[in-house]
Q: 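Just dropping this structure here.
Residue numbering restarts at 1 for every chain, and letters A, B, ... go by the order of the sequence lines.
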Number of protein chains: 2
Amino acid sequence: MEMNSQSQEKSYMASIPSKLHEFIKKIKKIGEEDPRRIIHSTKVGLALTLVSFFYYFRPLYDGFGQAGMWAVLTVVVVFEFTVGGTLSKSINRGCATLLAGALGVGAEYLAGVCGEKGEPVVLGLMVFSLAAVSTFTRFFPNVKRKYDYGVLIFILTFSLVAVSGYRVGQILELAHQRLSTILIGGATCMIISVFVCPVWAGRDLHFLVAGNIEKLAAFLQGFGGELLACGGDKSSKDSSGKNVEKSFLKGYKSVLNSKATEESLANFAWWEPPHGKFKFNHPWKQYSKIGALTRECACLIESLNINTKSLSPASEFSAKIRQPCVEMSTESGKALAEIAAAIKKMRRPPQSVEAHVQSAKSAADRLRSVLQNSSLPPKPDLQDVASLLVAASVLIDVIRCADGIAAAVGELAREAGFEGLKTTEAAAAVNRRGIVSPVDDGDHVVVEIQAAAADSPEKKIIST
Amino acid sequence: MEMNSQSQEKSYMASIPSKLHEFIKKIKKIGEEDPRRIIHSTKVGLALTLVSFFYYFRPLYDGFGQAGMWAVLTVVVVFEFTVGGTLSKSINRGCATLLAGALGVGAEYLAGVCGEKGEPVVLGLMVFSLAAVSTFTRFFPNVKRKYDYGVLIFILTFSLVAVSGYRVGQILELAHQRLSTILIGGATCMIISVFVCPVWAGRDLHFLVAGNIEKLAAFLQGFGGELLACGGDKSSKDSSGKNVEKSFLKGYKSVLNSKATEESLANFAWWEPPHGKFKFNHPWKQYSKIGALTRECACLIESLNINTKSLSPASEFSAKIRQPCVEMSTESGKALAEIAAAIKKMRRPPQSVEAHVQSAKSAADRLRSVLQNSSLPPKPDLQDVASLLVAASVLIDVIRCADGIAAAVGELAREAGFEGLKTTEAAAAVNRRGIVSPVDDGDHVVVEIQAAAADSPEKKIIST
């Protein structure tokens, strides 16, 4: 019996290193996913140590005592991952404390007038009604979004002041002490948050939206390739490269559930001062609009992905439908990819986006005419054609969606005052499209631009 | 000039009543949307008043002072809308305070050993490292979900105790005081939250998931009707009833973004004790599974809705496709509606669900054979047929999804130990299907059940 439990213990002890190893791997993964998390943790530690020491070494308020506590409390509660979060909480906390403190003093004074017997009744009534009304306001969507924490602190401070039982004179002194400590705590957080490796919610939102569009683009471009492959040689599909490509086609899934993150980032971004290329009054609301369109597009892609899992091998007729489908998919994908790249660089989307959308649309028109005019074989395998038709139909909607995204991003670029692409960058962007071959002949770069909508290629010479 | 500003002021004053009216209407709307919000607000006021009075009238700790403050603070911070939220925060707060307090005393003792010069250094290092490490653990998904608030309070309490500068004896006394007040505050919240009109997160989650399935069902049943209408008489579509029906068809949209709410409710539900029909160890995780399938289905419906906005008028061939489509839509809608009703009543989904799914599947099979065998007109208007084909193809996926939901709900019913339908309810459920006509002849209810899969109707007599 004892032997058994000993051996159990032994095997348990033996499993510890592997468990520890797994745990460390997990920690590493979380840190590697976003190294700013490690920096944030150190920042919190730093802020807390600073504030603690400030009070530890100050004999002003007999040792640590009442007041310093509020500074530590403020730092712990207020320091958030993003600058916007920290600012929002600090400002909410400061203003709410001030307002509730003033109201509390008024309440205390009023209760004092009512005599010794009336005082607790009046105070109780006021605490009850203020707490109930304030709690109810937290259900207002606007309040919930921006001032939820402020209302909480408002209720807290008012109750503390009103029930403290101090006289007005004492309260004022206490309020001064408490406000100053909250200010010191809040200021420490804000300064460290803004100046030491800041994490801007606005910047995160910007790149989240761009990244989501990029994921859609990756899918559409990859999907076009898949369509082409399943029409032509099957060998490329069965190669070992397939799995890699498939995981590439699943990236859009995370877009579907991005709304909550986007909303909270947009709320925090509202509080942030101008930073980097994000100026004062940056149109944060526009990102929600783009985000909604992106999710709509992701939804279409989801149904595209589900519907066309089993694409049939090529027949003569399906080849006619397949070709425009491939073009619709890849061209709208290219348009989205260029939009995403433009957002990331904070530039206006280039002209070529419009060209890609146009060629996608003309492919759709071609498809329509194929459907109207082509003669079918006497007994077409309609079921085989059906899944291609579905893909075509969904792709037409995807093009419409991509067009909407382009328009919304254009509006964002206008409102935020993004600049257009510089000529060299325009050339590079065009180069990325893969249909041009730049020839460097010393002073000039000769770029052949094949306008996707027009037929004749034109040559441009750009001085470098 | 003065006249002008006076008249401006007048018009401003005149607009106040209408603004006030609007504001009151808004408040009313928020209250009416969920009357429990008003009750919750009153509950918070009540808890706060109770705790305040407890300390106001207790001369034990000279007036209000240090300790009572923590009770008020706890009530304000801990009281959440749902029981699960309140319990989660209370328990987190209590445990974290206890643990951090003990660690803090240890740290204080250790620092004391290091002499007067070493003390601040050791304390500072400990506060820094503990705060940094704890903050980092908040990025662990598991910790974030359930113990985020606890970690926050842990950092807070440890810092407060470690930097307080008190000797160990003093700290123990303080800790006792503080813990007891937190206990009183937390217990007040928990008792009021659980026993006064409780808002159970688990119950909300349960009905949210059921409601989402119901919305999908409403769309599918309505969509079947729309398809039928656009095939037959156009008049019904253009009548004034159209707008009502259309808003009815938009209900599913909210399902798409329900993930965040569902997740937070599931997290809170985990903390709740058994209540009503929700027993200990209720399979809360299963709801996330059902929710994910529901959202997948909603995504399909979204593309269905976008794709088939312009359904073409009837041709001879399209009528052949339309008929099975209508059946696929309405039958899968009926299946989902019965599943939703069963969830709401906490019953096992009835047998008829399977029958509806089967008849939807057989409609899909019929459609496939139509596509394979029917002879097309020499030049079919493929484009017109295309949007119907798309609807058909998406509906096939919807059926698969509905089947998945039925299986997941069946699993939930098994794990949670839901009972089967009672015979009378079964009869009522069958009645709701609309293909039977119960005849009440006194003692017996004669119900004609037309099994959707089989062809011959059978009669059953159920004693009432």
Q: Counting distance only, does the side-chain N/O of B/Ser134 pair as donor-acceptor with the main-chain N or O of B/Ala131 below 3.5 Å?
A: no
Q: Please identify each residue that fulfils salt bridge (charged side-chain N to carboxylate O under 4.0 Å, His left out) with B/Lys89, with sequence neighbours left out.
A: B/Glu80
Q: What part of A/Lys43 lies closer than 4.5 angstrom to a heavy atom of chain B: side chain, backbone, both or neither?
A: neither
Q: Output the distance between atom CZ (B/Arg400) and atom CG (B/Asp397), rounded to the nearest 0.5 Å.
A: 5.0 Å
Q: Check side chain to side chain contact (heavy atoms under 4.5 Å, CB included) between B/Val44 and all other residues, then give those that pass, not counting sequence neighbours.
A: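 A/Thr135, B/His40, B/Phe79.
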Q: Checking A/Phe81 against chain B: side chain, backbone, both or neither under 4.5 Å from a heavy atom?
A: side chain
Q: What part of B/Ile153 lies closer than 4.5 angstrom to a heavy atom of chain A: side chain, backbone, both or neither?
A: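 Nothing of B/Ile153, per the 4.5 Å heavy-atom cut-off to chain A.
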Q: Counting heavy-atom pairs under 4.5 Å to chain A, which of B/Leu50, B/Ile155, B/Val127, B/Asn257 comes out on top?
A: B/Asn257
Q: Is it true that the SG atoms of B/Cys401 and B/Cys297 are less than 2.5 Å apart?
A: no
Q: When you measure from the side chain of B/Ser41 to the backbone N and O of B/Arg37, does any donor-acceptor pair fall under 3.5 Å?
A: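 Yes; at least one donor-acceptor contact below 3.5 Å.
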Q: Among B/Thr49, B/Leu156, B/Leu48, B/Thr261, who wins on heavy-atom pairs under 4.5 Å with chain A?
A: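 The residue among B/Thr49, B/Leu156, B/Leu48, B/Thr261 with the greatest pair count is B/Leu156.
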Q: Under a 4.5 Å cutoff for heavy-atom pairs, which residue among B/Arg295, B/Arg138, B/Lys259 has the most contacts with chain A?
A: B/Lys259
Q: At a 4.5 Å cut-off on heavy atoms, which part of A/Ile27 comes close to chain B: side chain, backbone, both, or neither?
A: both
